[in-house]
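See structure below.
Numbered from 1 within each chain, the chains take letters A, B, ... in sequence-line order. Because the structure is a prediction, the values reported are computed rather than measured.
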There are 2 protein chains.
Amino acid sequence: MSPSARRTGRPRSAEADRAILVATRAALVELGWAKLTLGDVAARAKVAKTTLYRRWASKCELVVDAVAAVFDEQLEAGDHGSLHADVEAAVIRLGALLERPETGTALMAVLAEAMHDETLRCRVRSAIVDRQKRLVTLGRERARLRGELPCEEDPGTSARNADLIFDAVAGTVLHRLMVSAEPVDPRWARDFTDLLLYGMTGADSGGATAAGPAPDGAQKPAGSV
Amino acid sequence: MSPSARRTGRPRSAEADRAILVATRAALVELGWAKLTLGDVAARAKVAKTTLYRRWASKCELVVDAVAAVFDEQLEAGDHGSLHADVEAAVIRLGALLERPETGTALMAVLAEAMHDETLRCRVRSAIVDRQKRLVTLGRERARLRGELPCEEDPGTSARNADLIFDAVAGTVLHRLMVSAEPVDPRWARDFTDLLLYGMTGADSGGATAAGPAPDGAQKPAGSV
DNA sequence: GAGTTACGCTACGACTCGTAGCGTAAGGGT
DNA sequence: ACCCTTACGCTACGAGTCGTAGCGTAACTC
């Protein structure tokens with residue numbers, strides 16, 4: 001239907017698409033969400049304002065696509081050899097992604113707007129959230145094969161735990177950057193990973209937090225108290 | 001200076017203040033951040049538009065105050081007898097607060113806008129964030145007195161850990177509600193608390209996650225694997 | 001070449017913004 | 001009681017943005 005309806009006529013300029021998304025991110029950094037106008041984006045992208053309106057119905061949808069493109073570039077889930085290393089790498093990668101001013105600002109603004117727009121919320125979920133969540137599932141699967149996590153018979157429990165982990169990782173990194181306005185540096189990433197794996201009690205007492213060089217790296221048993 | 005400058009003349013109507021903040025929250029729920037206009041807020045509050053502009057310079061500052069008032073109402077840190085119970089209570093309380101549509105929407109929008117406005121960011125921090133963060137410090141202090149957490153000599157380490165815990169709690173709850181759009185129900189609060197205290201490894205294997213009624217309640221040792 | 005679709009450009013009505021000006025209301029100082 | 005000071009309500013205004021319509025042209029398919 002979609003391909004048959006558009007197999008004829010002048011095709012949409014792919015370069016215009018890219019220029020618009022780039023301009024959207026640039027304008028977002030410079031002006032912020034509130035002062036971002038579609039007219040300004042069109043001027044930066046050197047396209048007519050009408051072209052913009054022909055493709056995106058609202059400012060929200062445009063920004064979602066602009067941000068999703070950045071997330072797609074950064075989507076990967078390499079195997080770092082241990083659950084600890086995998087989590088730490090994910091934290092640093094997500095932190096680097098959200099530290100880019102365009103990404104963080106845009107994501108927050110879109111999420112705020114999505115509270116009132118179910119369509120927009122679905123769009124955000126499919127374009128950004130679900131693809132990131134898949135990485136959590138993959139990482140846990142690898143950890144289970146390594147014997148770092150127990151097998152779970154109940155798929156419901158497994159899904160719930162994956163959701164919980166995802167909320168914890170993404171939410172904490174987001175909060176660190178957006179609310180606390182502190183950087184996701186290697187030390188914090190390690191501290192947070194320790195917290196996730198071993199909990200408040202274990203991480204605080206294990207001596208792997210402050211001055212020590214964390215000699216155990218990736219193989220700290222849970223009952224280390 | 002401020003009190004001396006305003007000790008004479010007609011005082012500002014305190015009721016108008018309250019009406020404006022109430023109207024702001026109501027309009028935020030109904031219209032969302034993008035479509036929220038100060039003119040509309042003024043009409044709802046039954047005050048002149050000029051009165052609004054005399055007190056708040058921008059939409060952001062108005063919304064910050066409107067949200068901060070709600071946070072103030074809910075600020076408490078009761079002693080629930082154990083670290084586990086304290087954390088779980090805080091999660092549920094924060095969840096209930098952010099589940100109110102006005103609060104979550106407004107907070108996200110203001111945070112997004114604060115990325116470009118250092119003044120606004122400071123305002124958010126002092127009005128909302130820092131007051132919540134104090135609860136974390138208090139809870140950890142109590143846990144230390146109970147012997148649930150080890151003493152920390154280094155104040156820098158202690159502060160870093162408190163910040164980390166705060167980001168983890170607030171960020172995860174926020175993400176669960178705003179991004180995943182799932183409720184903070186008692187089961188999730190318990191699962192998340194287990195994760196925070198005992199880590200991924202401990203919480204997953206302890207059997208306190210899925211169907212069981214969690215018979216141990218608040219006294220699960222860290223080395224329960 | 002004919003048909004179809006996208007693009008750039010211009011112009012437009014509708015709307016909101018934030019401010020200025022004026023007269024009136026509500027307190028404090030003597 | 002009187003004046004002074006400040007806040008309030010109301011109206012009106014220029015400035016700016018919004019999203020759309022109309023037209024001629026460019027690009028691609030059959």
To the nearest Å, give me how far apart [atom1] ([X]) and [atom2] ([N]) are.
| X | N | atom1 | atom2 | result |
| --- | --- | --- | --- | --- |
| A/L31 | D/dT17 | CG | P | 11 Å |
| A/I20 | C/dG8 | CD1 | C1' | 13 Å |
| B/W56 | D/dA7 | CH2 | C1' | 14 Å |
| B/E15 | D/dA7 | CD | C1' | 15 Å |

Looking at [Y] and [X], is any side-chain nitrogen of the basic one under 4.0 Å from a carboxylate oxygen of the acidic one?
| X | Y | answer |
| --- | --- | --- |
| A/R12 | A/D17 | no |
| B/D72 | B/R131 | yes |
| A/R146 | A/E141 | no |
| B/D130 | B/R134 | no |

When the ring planes of B/H84 and B/Y198 are compared, do they come out parallel, tilted or perpendicular, using 30° and 60° as the limits? parallel
In the 5'-to-3' direction, what one-character label does each nucleotide of nucleotides 14-26 of chain C receive under the scheme B = base within less than 4.0 Å of a protein heavy atom, S = sugar-phosphate only, - = no such atom? --SSBBB----BB
Taking only residues at least two apart or on different chains, which pairs with a member in residues 101-118 of chain B satisfy side chain to side chain donor-acceptor pair (under 3.5 Å)?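 For residues 101-118 of chain B, and leaving out neighbouring residues, the side chain to side chain donor-acceptor pair (under 3.5 Å) pairs sorted by first residue read B/R100-B/E102.
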Proximity to the side chain of B/A48 - top-ranked nucleotide from D/dA7, D/dC10, C/dG8: D/dC10
